[in-house]
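Data first, discussion second: the structure below is written as structure tokens.
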Amino acid sequence: DGGITQSPKYLFRKEGQNVTLSCEQNLNHDAMYWYRQDPGQGLRLIYYSQIVNDFQKGDIAEGYSVSREKKESFPLTVTSAQKNPTAFYLCASNQFRGDTQYFGPGTRLTVL
Amino acid sequence: AQRVTQPEKLLSVFKGAPVELKCNYSYSGSPELFWYVQYSRQRLQLLLRHISRESIKGFTADLNKGETSFHLKKPFAQEEDSAMYYCALSLTQGGSEKLVFGKGMKLTVNP
């Protein structure tokens, strides 16, 4: 299960605070992705990055921001503008188009 | 619009029974389809992809372009097959590639 890690496993945030979720991979993958998983909603794409210093909005990018300064790292910031941030967040990576995406263990964010 | 539909949210069968998890897609291009599985307390992981045309853990899935379907089948379900199953469609847009997931289906195999 190694190769892509997310931290922390559980995160609590007060309303109005920004919080950053970490995603690191040592698989030398070019592409990285952030998804949000809600019961009954499946996985929805927040942001993705095909290469360092470049990223694109997914289907539900509002209230989130990302950076891709290093190939192995793709942190996600959940801002106070995100109306319903409590969810399970999954990070994934893959090498090239059509390749299997490998998923991290996830971070469960709870807004108090 | 590109879409993946898994019409059933829950499926409960007894051990040894056949299972079919339905997946339909909407995509104007040439589809690349995947089934991902999430066992309890484990990471989401690839089960199989249509391009490899192989059987994994007894599961098979055939792409039917006429019916725009990619149903997952297993002739004899086992208790360890209990999990969440997600069908996914790979899209290439503007040089970028991403996956569109269905909403998932929970399979429970009872002893």
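Per chain, numbering begins at 1; letters A, B, ... match sequence-line order.
- Cluster membership for I4(A) and V52(A), using ILVMFWY side-chain heavy atoms within less than 4.5 angstrom, is not shared.
- The contact between D59(A) and chain B is made entirely by side chain atoms (from C-beta outward), counting heavy-atom distances below 4.5 Å.
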In sequence, state the C-alpha distance, the side-chain angles, and the governing distance for L99(B) and Y35(A), and then conclude on side chain to side chain contact (heavy atoms under 4.5 Å, CB included).
-> CA-CA 10 Å; L99(B) 286 178; Y35(A) 296 91; 3.7 Å; yes
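- Legend: residues meeting side-chain contact (heavy atoms from CB on, under 4.5 Å) with S69(B), ordered by chain and number and at least two apart, are N24(B), N64(B), E67(B), H71(B).
- Under a 4.5 Å side-chain heavy-atom cut-off, the cluster of Ile, Leu, Val, Met, Phe, Trp and Tyr residues that includes I60(A) is completed by L11(A), V19(A), L21(A), M32(A), W34(A), I46(A), Y47(A), F55(A), Y64(A), V66(A), F74(A), L76(A), V78(A), Y89(A), L109(A).
- By the side-chain contact (heavy atoms from CB on, under 4.5 Å) test, E54(B) is found to be paired with S52(B), I56(B), residues two or more places apart in sequence or in another chain being considered.
- When heavy atoms are compared at a cutoff of 4.5 Å, Y102(A) does not approach chain B at all.
- Along residues 101-111 of chain B, the residues that come nearer than 4.5 angstrom to chain A, judged on non-hydrogen atoms, are F101(B), G102(B), K103(B) in order of number.
- Cluster membership check: Y86(B) does not share its hydrophobic cluster with F70(B), using side-chain heavy-atom separations under 4.5 Å among Ile, Leu, Val, Met, Phe, Trp and Tyr.
- By the 6.0 Å contact criterion, NZ on K73(B) is open, its count of non-hydrogen atoms from other residues, nucleotides or ligands being 12 or less.
- Taking CD from Q101(A) and NZ from K98(B), the interatomic distance works out to 11.5 Å, rounded to the nearest 0.5 Å.
- In this structure, chain A has no heavy atom under 4.5 Å from any part of L91(B).
- Only the side chain of Q37(A) comes within less than 4.5 Å of a heavy atom of chain B; its backbone N, CA, C and O stay farther away.
- With hydrophobic clusters built from ILVMFWY side chains whose heavy atoms lie under 4.5 angstrom apart, L11(B) shares a cluster with V4(B).
- The side-chain heavy atoms of Q45(B) and T100(A), taken from C-beta on, include no pair separated by under 4.5 Å.
- The same ILVMFWY cluster, assembled from side-chain heavy atoms under 4.5 Å apart, contains both L44(B) and F88(A).
- Residues L45(A) and V100(B) have side chains not in contact (no heavy-atom distance under 4.5 Å, counting atoms from C-beta outward).
- Transitive grouping of hydrophobic side chains (ILVMFWY, heavy atoms separated by less than 4.5 Å) brings L90(A) and Y36(B) into a common cluster.
- In E62(A), the CD atom is not crowded: 12 or fewer heavy atoms of neighbouring residues, nucleotides or ligands sit closer than 6.0 Å.
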